[in-house]
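Proteins get letters first, then strands, A, B, ... in listed order; numbering begins at 1 in each.
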Protein chains: 2
Amino acid sequence: MSLKYAVLAALLNGEASGYDLAKVFDVAVANFWSSTPQQLYRELDRLATDGLIEARVVQQERRPNKRMFSLTPTGRDALHTFTLTPPRPTTIRDELMVKIQAMDEADPDAVRVLIEECLERISDKLARYERLRDRMLDGRTEDEYLIEAEQVGPYLTLMRGRAFEEENVRWCERTLEVLAARAARRGAAHGSAAQGG
Amino acid sequence: MSLKYAVLAALLNGEASGYDLAKVFDVAVANFWSSTPQQLYRELDRLATDGLIEARVVQQERRPNKRMFSLTPTGRDALHTFTLTPPRPTTIRDELMVKIQAMDEADPDAVRVLIEECLERISDKLARYERLRDRMLDGRTEDEYLIEAEQVGPYLTLMRGRAFEEENVRWCERTLEVLAARAARRGAAHGSAAQGG
DNA sequence: ATATTCATGTAACAAGTTACATGATTAG
DNA sequence: CTAATCATGTAACTTGTTACATGAATAT
């Protein structure tokens, strides 16, 4: 239901093609609303049919033609109305956590590797967020920006995403400590001679 | 795909009915894998058909009969194998954030109310998590528990959920500050006489 | 009396995922 | 020469949501 509004909200930054939106959703929007390019194309068709956005075909010479979508006044109204209704609860689907839930049945070393790989991916993500943030701030301090800028929604959601990933890092590191401590204890209990260097 | 494994992981705590699982998913599992009771019943049927869990019908006198499900060795193996594969990226769907993304088109006062209501819901959630945690620790300190306990997966995922919500609180409070600062500035710019106390 | 809890389910629908297809262009 | 980028789409499939139904028991 609200992929619809996520798309409308993304179009507040100006017109965009499906392809553009797919990229935006991949980096910035994914923090709070995941979707695949296929879903976007389908949703864009629907929104255009319903008159919430309008498409403008841009002929290109050396590239496939593209459709640039922009909000209509109807679309803007719909988005406004949406912001007045209470949000439904957040849904998270985190496969790593399912594996952690079951970790007591798993190989501790394999779990450690999963977490380490996860930490790497988060680190990439955080770097991308930081670049996006710098581009938004454009030399201003955060406090200046938050008071002066016309739009602060996208900045605030980005900060939410960043905080989420930073928290994730802390949790991963803590979990690695726990794994190490339990491994050490098991090692000690089963005799210090076994598997020794 | 991994609702399947979330269910298997939940059954590591011993046999449970669909109704039991629905409650567990509502409080503890929802942190990292949301699903409705209907999905659970459907999944339980499938898992039983595939031999990953087995059902035992318990006749009850004053209550409807219930089916208690438990892991089979095959199910346990499947779960073990699952923990060895790299997790897919986390997906989040947070309607509040969609509204925040569009907040610059919205009524600031309405947004403030959304956030305040959100804070209340989080506070309830955190209280439930705290009770669950106390029950798990059962008098021990966290460090004692994490070293000694047989199962630490469920504790670690719970702590992840708690950290997520605590971060959420910080973000909400920060956002309320931003809203207040921007409201004050707009008030000042449009003349201090208007709407004065 | 009325609402909530226990315990399950069916059916219809909406949303999300995956695989595949096209076809030129540019960067390495 | 290979891979990635641009730009879209169809089709098949899997998941997830919503509404509804049953029916007794207990708590308020």
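Computed from coordinates, the B:Trp33 CH2 to D:dT15 P distance equals 10 Å when rounded to whole Å. Taking atom CG of residue B:Asp26 and atom P of nucleotide C:dT5, one finds them 12 Å apart after rounding to whole Å. Regarding B:Leu3, its CG atom lies at a distance of 10 Å from the P atom of D:dT17, rounded to whole Å. Atom CG of A:Leu40 is separated from atom P of D:dG9 by 12 Å (rounded to the nearest Å). Atom CZ in A:Arg67 sits roughly 15 Å away from atom C1' in D:dC6 (whole-Å rounding). We find that NZ of B:Lys66 is positioned 19 Å from C1' of D:dT22, with the value rounded to whole Å. The interatomic distance linking A:Gln39 (CD) with D:dG16 (P) rounds to 12 Å, in whole Å. In this structure, B:Arg42 places its CZ atom 14 Å from P of C:dA12, rounding to the nearest Å.
When only modelled atom types and interatomic distance are considered, B:Tyr129 and B:Asn31 share a side-chain donor-acceptor pair under 3.5 Å. B:Gln101 and A:Tyr5 are not linked by any side-chain donor-acceptor pair at a separation below 3.5 angstrom, with hydrogens and angles left out of the test. In this structure, a donor-acceptor pair under 3.5 Å is present between the side chains of B:Asn168 and A:Arg160.
Heavy-atom nearest nucleotides on DNA chain C were determined for A:Ser2 and for A:Gln38, and the one closer to the 5' end corresponds to A:Ser2. Heavy-atom nearest nucleotides on DNA chain C were determined for B:Asp45 and for A:Arg46, and the one closer to the 5' end corresponds to B:Asp45.
Summarising the geometry, atom CG belonging to A:Leu3 is positioned 6.0 Å from atom CG belonging to A:Leu40; distances are rounded to the nearest 0.5 Å.
The pair B:Glu54-B:Arg67 does not count as a salt bridge, with every side-chain nitrogen at least 4.0 angstrom from each carboxylate oxygen.
One finds a side-chain N or O of B:Tyr19 lying less than 4.0 angstrom from the OP1 or OP2 phosphate oxygen of C:dC6. OP1 or OP2 of D:dT8 has at least one side-chain nitrogen or oxygen of A:Tyr41 nearer than 4.0 Å.
Between D:dA7, C:dT8, D:dG16, one nucleotide has an atom nearer to the side chain of A:Arg93 than all others, and that is D:dG16. Minimum atom distance to the side chain of B:Arg88 is reached by C:dT18, of the listed C:dG16, C:dT18, D:dT8.
Backbone-only contact: A:Ser17 has heavy atoms under 4.0 Å from sugar-phosphate atoms and none from a base.
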